[in-house]
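What follows is a set of notes on a single structure, which appears directly below.
Worth saying up front: this structure is predicted, and the values here are computed from it rather than measured. Excluded from the calculations below are hydrogen atoms, water molecules and symmetry mates; all remaining heavy atoms, backbone and side chain alike, are included.
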Protein chains: 2
Amino acid sequence: MPNPPITLDRSSPIPLYYQVAEQIERAIVSGDIAPGERIENEVTMAAGLGLSRPTMRQAIQVLVDKGMLVRRRGVGTQVVHGKIRRSVELTSLFDDLSAAGQQPRTEVLELVRTEADDEVAQELQVEQGSAVWSLRRLRLVADKPIALMHNYLPAETVALEDVDLTTTGLYAHLRHLGIHMSVARQRIGARRVEAVEARLLDEKRGAPLLTMQRTSYDNSGRAVEYGTHAYRPEHYAFELTLVDR
Amino acid sequence: MPNPPITLDRSSPIPLYYQVAEQIERAIVSGDIAPGERIENEVTMAAGLGLSRPTMRQAIQVLVDKGMLVRRRGVGTQVVHGKIRRSVELTSLFDDLSAAGQQPRTEVLELVRTEADDEVAQELQVEQGSAVWSLRRLRLVADKPIALMHNYLPAETVALEDVDLTTTGLYAHLRHLGIHMSVARQRIGARRVEAVEARLLDEKRGAPLLTMQRTSYDNSGRAVEYGTHAYRPEHYAFELTLVDR
DNA sequence: TAGTGGTCTAGACCACAAT
DNA sequence: TTGTGGTCTAGACCACTAC
């Protein structure tokens with residue numbers, strides 16, 4: 001019955017359940033709790049920490065949602081085997097790479113105000129022909145191109161005039177504008193590279209590309225970004241964790 | 001303040017929060033609650049249904065996790081815009097396609113007991129050289145091949161001798177054996193088709209393929225399946241919904 | 001039978017947004 | 001100031017698993 005020493009700071013603005021979840025996660029990642037091992041039961045842990053059981057459950061739920069713990073009624077809560085991989089999250093590629101310790105570089109190929117065509121209007125839930133930004137960027141890591149990104153944003157909602165998008169990620173800029181992304185719907189596929197892309201991405205004719213289309217919604221449910229992106233599969237893949245609900 | 005009529009059956013074994021979530025979801029999908037519209041606040045809804053607030057919150061949380069609702073403190077809970085797509089879930093391709101109304105067909109190309117090599121042993125957390133099933137299948141829809149699937153399963157844990165995998169999905173069989181999948185970790189990429197694959201999948205030389213590697217874990221945290229799959233991108237793509245946590 | 005997680009109640013106080 | 005969701009308490013009863 002392993003029980004990592006957990007400390008609580010009740011004066012902190014960080015929720016108690018989150019403090020607990022973080023410390024259990026650290027114990028799992030560091031190996032203090034081995035894969036397959038059972039952790040203490042909810043009631044005992046709650047009592048030991050001076051927490052109510054619902055709060056303790058909420059802490060554990062965080063890690064269940066991350067795919068690190070599994071619960072079985074009548075049995076207990078165990079650590080899932082296998083290495084924990086960083087999963088796809090609601091961030092931009094720039095943030096993704098930065099977090100992975102890489103140093104991404106960005107070339108802005110195009111940034112223009114244009115009119116929404118049928119597809120874009122549909123995805124962004126705006127009138128066809130209304131003003132949208134069209135943003136094309138090339139993402140490089142260690143001077144190797146890895147992705148070609150094309151984003152559309154409603155010009156009404158988002159100001160992109162005075163931003164240096166070579167140093168700032170798009171999502172970081174949106175956060176700066178007070179726009180908080182809550183939901184994204186993605187479609188991941190593959191296709192052959194086109195001639196123009198091949199030149200930009202330093203790929204050969206007919207090479208396979210990994211593609212991703214995404215529409216993102218802010219915390220009021222409005223669509224704020226639609227993008228179609230292409231990745232070099234030798235240099236990028238999507239990792240995800242699915243959890244049974 | 002739209003409020004779909006919700007009925008509760010307290011004698012049902014289905015949890016109350018789930019009954020509520022289902023009925024709100026139906027109201028959203030059917031359009032009774034429009035995208036962007038706010039639903040009633042938690043406290044009022046709970047009172048109206050004779051539920052406690054935590055139970056009402058749990059119901060709403062289900063739909064937030066599905067990316068259908070967004071909550072904002074001080075504001076309320078709103079319906080997310082855009083069409084709701086069926087997302088990648090913890091099921092097999094067979095189940096996926098069946099649910100989508102298709103009628104998948106399966107050809108078993110190979111089913112043999114063999115020894116785990118380095119990679120497979122690593123993924124399944126078994127000793128190198130221990131007995132594993134190697135299962136190769138071709139999935140077809142409307143007589144068109146759409147995916148080539150190669151799975152490995154620990155022979156100790158899983159009985160595959162007397163199954164007709166042409167009519168039963170792998171995951172369906174595992175459920176039948178009392179194995180409940182809880183977590184899966186996936187990696188999605190792309191590459192060129194190989195010669196043998198091209199013949200089986202009816203693709204041209206050098207065509208792009210969408211690839212997926214997956215390790216699945218049951219509710220005790222053990223790895224029970226490792227698979228490397230290849231999909232024809234013209235006929236299949238992965239859809240997913242991400243939610244900010 | 002004992003121990004575990006799953007569900008549910010009936011409140012409380014707080015932080016944040018809109019007015 | 002008012003209304004909203006976010007967090008937290010201190011219990012209760014039940015369903016399932018393992019022994």
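- In this structure, B:Arg53 places its CZ atom 14 Å from P of C:dC13, rounding to the nearest Å.
- With hydrogens and angles ignored, the 3.5 Å screen pairs a side-chain donor or acceptor of A:Ser30 with a backbone N or O of A:Ala27.
- Taking only side-chain nitrogens and oxygens, B:Thr77 never comes nearer than 4.0 Å to OP1 or OP2 of D:dT4.
- In terms of modelled atom types and a separation under 3.5 Å, the side chain of A:Gln19 and the main chain of A:Ile14 share a donor-acceptor contact.
- Checking side-chain atoms of A:Arg185 against main-chain N and O of B:Gly67 turns up a donor-acceptor pair under 3.5 Å.
- A:Arg57 has a side-chain polar atom (N or O) that falls below the 4.0 Å cut-off from OP1 or OP2 of C:dG6.
- Look at A:Asn41 and you'll find a side-chain N or O under 4.0 angstrom from OP1 or OP2 of C:dT4.
- Residue A:Met56 contributes atom CE, which lies 18 Å from atom C1' of D:dG11 at whole-angstrom precision.
- A sub-4.0 Å separation between OP1 or OP2 of D:dT7 and a side-chain N or O of A:Thr55 is absent.
- Side chains of B:Tyr17 and B:Gln61: no donor on one and acceptor on the other come within 3.5 Å.
- The side chain of B:Pro54 has C:dT9 as its nearest neighbour among C:dT9, D:dT9, C:dG6.
- In the set D:dC8, D:dG5, D:dT4, the nucleotide with an atom closest to the side chain of B:Glu42 is D:dG5.
- The line from CD1 of B:Ile179 to OG of B:Ser216 is 11.0 Å long, rounded to the nearest 0.5 Å.
- Look at CE on B:Met45: it is 19 Å from P on D:dG3, rounded to the nearest Å.
- In this structure, CG of A:Leu16 is placed 8 Å from C1' of D:dC8, rounded to the nearest angstrom.
- In this structure, of C:dC8, C:dG5, D:dT7, it is D:dT7 that holds the atom nearest to the side chain of A:Gln58.
- For the OP1/OP2 pair of D:dG6 and a distance below 4.0 Å, the side-chain nitrogens and oxygens of B:Arg71 include at least one atom meeting the criterion.
- Residue B:Val75 places its side chain closer to C:dA18 than to any other of D:dT9, C:dA18, D:dA15.
- Within a 6.0 Å sphere centred on CD of B:Glu127, heavy atoms belonging to other residues, nucleotides or ligands number 12 at most.
- Whole-Å rounding puts the A:Ile39 CD1 to C:dG3 P distance at 18 Å.
- For D:dT9, one of the phosphate oxygens OP1 or OP2 lies less than 4.0 angstrom from a side-chain nitrogen or oxygen of A:Arg10.
- Taking for each of A:Tyr17 and A:Arg73 the nucleotide of DNA chain D with the nearest heavy atom, the 5'-most of the two is the partner of A:Tyr17.
- Between the CG atom of A:Leu69 and the C1' atom of C:dG6 there is a distance of 16 Å, given to the nearest Å.
- Atom CD of A:Gln61 and atom C1' of D:dT7 are 16 Å apart (whole Å).
- Nucleotide C:dG5 holds its C1' atom 15 Å from the NE2 atom of B:His180, rounded to whole Å.
- For B:Pro15, whose side chain is taken as the heavy atoms from C-beta onward, the closest listed nucleotide among C:dC8, D:dT7, D:dT9 is C:dC8.
- For A:Arg72 and C:dG6, a side-chain-to-base donor-acceptor distance below 3.5 Å is absent, hydrogens and geometry of angles not being considered.
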